[in-house]
Amino acid sequence: MDQQPIISFKNVNKIYNNGTVGLKDINFDIPRGEFLVVVGLSGAGKSTLLRTINRMHEISSGEITIEDEPISSYKGQSLRLLRRKIGMIFQDFNLIKRSTVQRNVLSGRVSYYPTWKSVLNLFSAADKDRAIRALERVNLTEKLYTRADELSGGQQQRVAIARTLMQDPKVILADEPVASLDPLTTQTVMDILKRLNQEDGITVIVNLHSVALARQYADRIVGLRAGAVVYDKEIADVTEADLTKIYQTA
Amino acid sequence: MTTPEIPQRSWSQRWHVKGVGWTALLVALLVGSSKMTGVDVGMFFSNFDQFTNLLVRMSQPAWSYVPIIIQPLYETIQMAILGTTIGTVFAVPFAVLAASNLVHNQWLRGIIRLILDLVRTLPDLLLAAIFVAIFGIGSTAGVITLAIFSFGMISKLFYEVIETIDMGPLEAMESVGASKVTIIWYAVLPQIMNQFVSYFLYTLEINVRASTVLGYLGAGGIGVFLQRSLSEFDYNKTAVIILAMLVVVMVIDGVSNHLRRVLL
């Protein structure tokens with residue numbers, strides 16, 4: 001088994017321009033193929049932490065390495081190639097609502113094409129087929145030509161996952177993926193993420209504020225409070241008492 | 001049972017000091033500016049019979065004039081479509097660069113907006129006069145004037161629309177590793193398309209009217225005929241021209257409403 005961590009945080013700090021501390025001395029490794037759940041109160045820095053991994057947020061000091069390569073020096077094309085191998089799922093799905101499901105899913109593939117081809121919609125037959133297979137994995141092939149805004153929340157999130165699959169990602173970051181969903185669709189979406197983790201070996205990092213969900217799906221739980229890691233245990237060692245502690249305010 | 005404690009409104013909140021103050025200031029400014037510029041509102045009413053007189057003289061449209069104005073009206077519409085289209089093509093990139101949610105570089109945005117302000121400052125009649133002097137009498141001057149006028153107006157309307165879009169899809173496209181142009185194409189355009197179309201058609205409508213005025217300066221189209229009928233005091237012909245314009249404006253309005261519904 002590959003012992004090398006896929007993602008590694010070393011002394012990572014993030015201080016916003018207004019002086020607010022976003023992340024405080026973060027140090028931990030994420031092994032390849034792990035299903036990691038990050039828990040913590042709103043404002044604890046979960047979203048910030050997630051977005052530093054694909055450089056949607058910049059860090060102030062320290063270093064993040066992905067597959068042993070420091071990512072802070074990437075820009076332009078190399079940054080886009082980094083983002084290509086890291087899929088991202090959002091709380092509000094962030095689909096292009098007026099476009100069809102097919103176009104939304106194909107938009108996950110644009111980083112494999114030069115700009116002019118993406119703009120002219122010149123996707124190869126193989127990639128159109130790939131889009132159908134991606135939708136198949138989230139059980140939504142019949143919605144291929146439906147407009148995204150005609151779908152329910154759970155369906156939209158599944159389209160978003162299909163879009164991410166088009167990137168052929170090694171890592172999936174999911175920022176509160178079920179916060180806008182009802183309990184039933186929550187299970188569906190989490191099950192899909194778990195399946196991608198187990199069947200495809202994709203490393204999945206999910207922000208959640210539901211402790212119950214975290215315990216149900218995680219291989220490992222990391223707790224954040226005020227931008228610092230206050231908890232980090234394999235699921236087998238996690239106890240209910242530990243988790244209540246993370247959510248205590250003081 | 002205890003009564004819940006209701007917070008007290010401050011004195012200025014209770015008497016709506018802000019609302020009353022702004023209204024008073026606005027009225028004072030209106031009265032003041034009409035005094036200072038010497039606008040005599042009374043004259044509007046005392047000379048109203050002149051207006052009705054004009055209406056009476058326009059009340060029997062000279063329908064026989066219709067076949068004569070079809071050709072120049074056609075030319076006017078063509079000028080308006082050409083001018084609006086050319087202006088829009090140039091306005092789109094400028095609107096993108098002027099939108100504060102897409103371009104974070106304040107200097108670039110400032111320079112682009114300065115250019116747009118400058119273009120909007122130039123009155124269309126001045127532009128027409130300049131281009132008639134350069135290109136001679138005819139529709140070339142008219143089209144270029146309308147193009148510049150549309151460019152200024154559309155780029156401002158467009159960047160204001162862009163600034164209201166949902167940024168979520170842009171974040172998603174960025175996380176996918178898309179280039180800037182691809183992000184705009186996939187995540188921005190679909191969100192603004194129907195408003196773009198509606199502003200384009202609104203500008204086209206304004207340009208149909210504007211091109212009649214430009215005709216005065218010899219910039220082609222139906223304006224030449226409008227001016228002729230007015231200078232000959234042939235108000236029944238003027239009435240026909242105005243009615244013909246009304247039809248064109250109504251058609252554009254209908255197309256606009258239809259397209260907006262389809263593109264929603």
With only heavy atoms counted, which part of [X] is less than 4.5 Å from chain B, the side chain, the backbone, both or neither?
X	answer
A/S99	side chain
A/I86	backbone
A/D92	neither

[X] versus [Y], closest heavy-atom pair with distance:
X	Y	answer
B/V176	A/S111	O-OG, 3.5 Å
A/I96	B/A187	CG1-CA, 4.2 Å
A/M88	B/S175	CB-OG, 3.7 Å
A/R51	B/E171	NE-OE2, 2.7 Å
B/A172	A/N94	CB-O, 3.6 Å

*asked:* Rounded at 0.5 Å granularity, tell me how far CD1 in B/I192 sits from CZ in A/R98.
replied: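 One gets 9.5 Å once the value is rounded to the nearest 0.5 Å.
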*asked:* To the closest 0.5 Å, what do you measure between NZ (B/K180) and OG1 (A/T115)?
replied: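 Answer rounded to 0.5 Å: 12.0 Å.
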_Strictly distance-based, threshold 3.5 Å: is any side-chain N or O of A/R84 a donor or acceptor partner for the main-chain N or O of B/G177?_
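It does not hold such a pair.
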*Is there a donor-acceptor contact under 3.5 Å from the side chain of B/Y186 to the main chain of A/S118?*
yes
*Quick one: of A/R103, A/R109, A/K97, who has the most non-hydrogen atom pairs under 4.5 Å with chain B?*
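Result: the option with the highest number of such pairs is A/R103.
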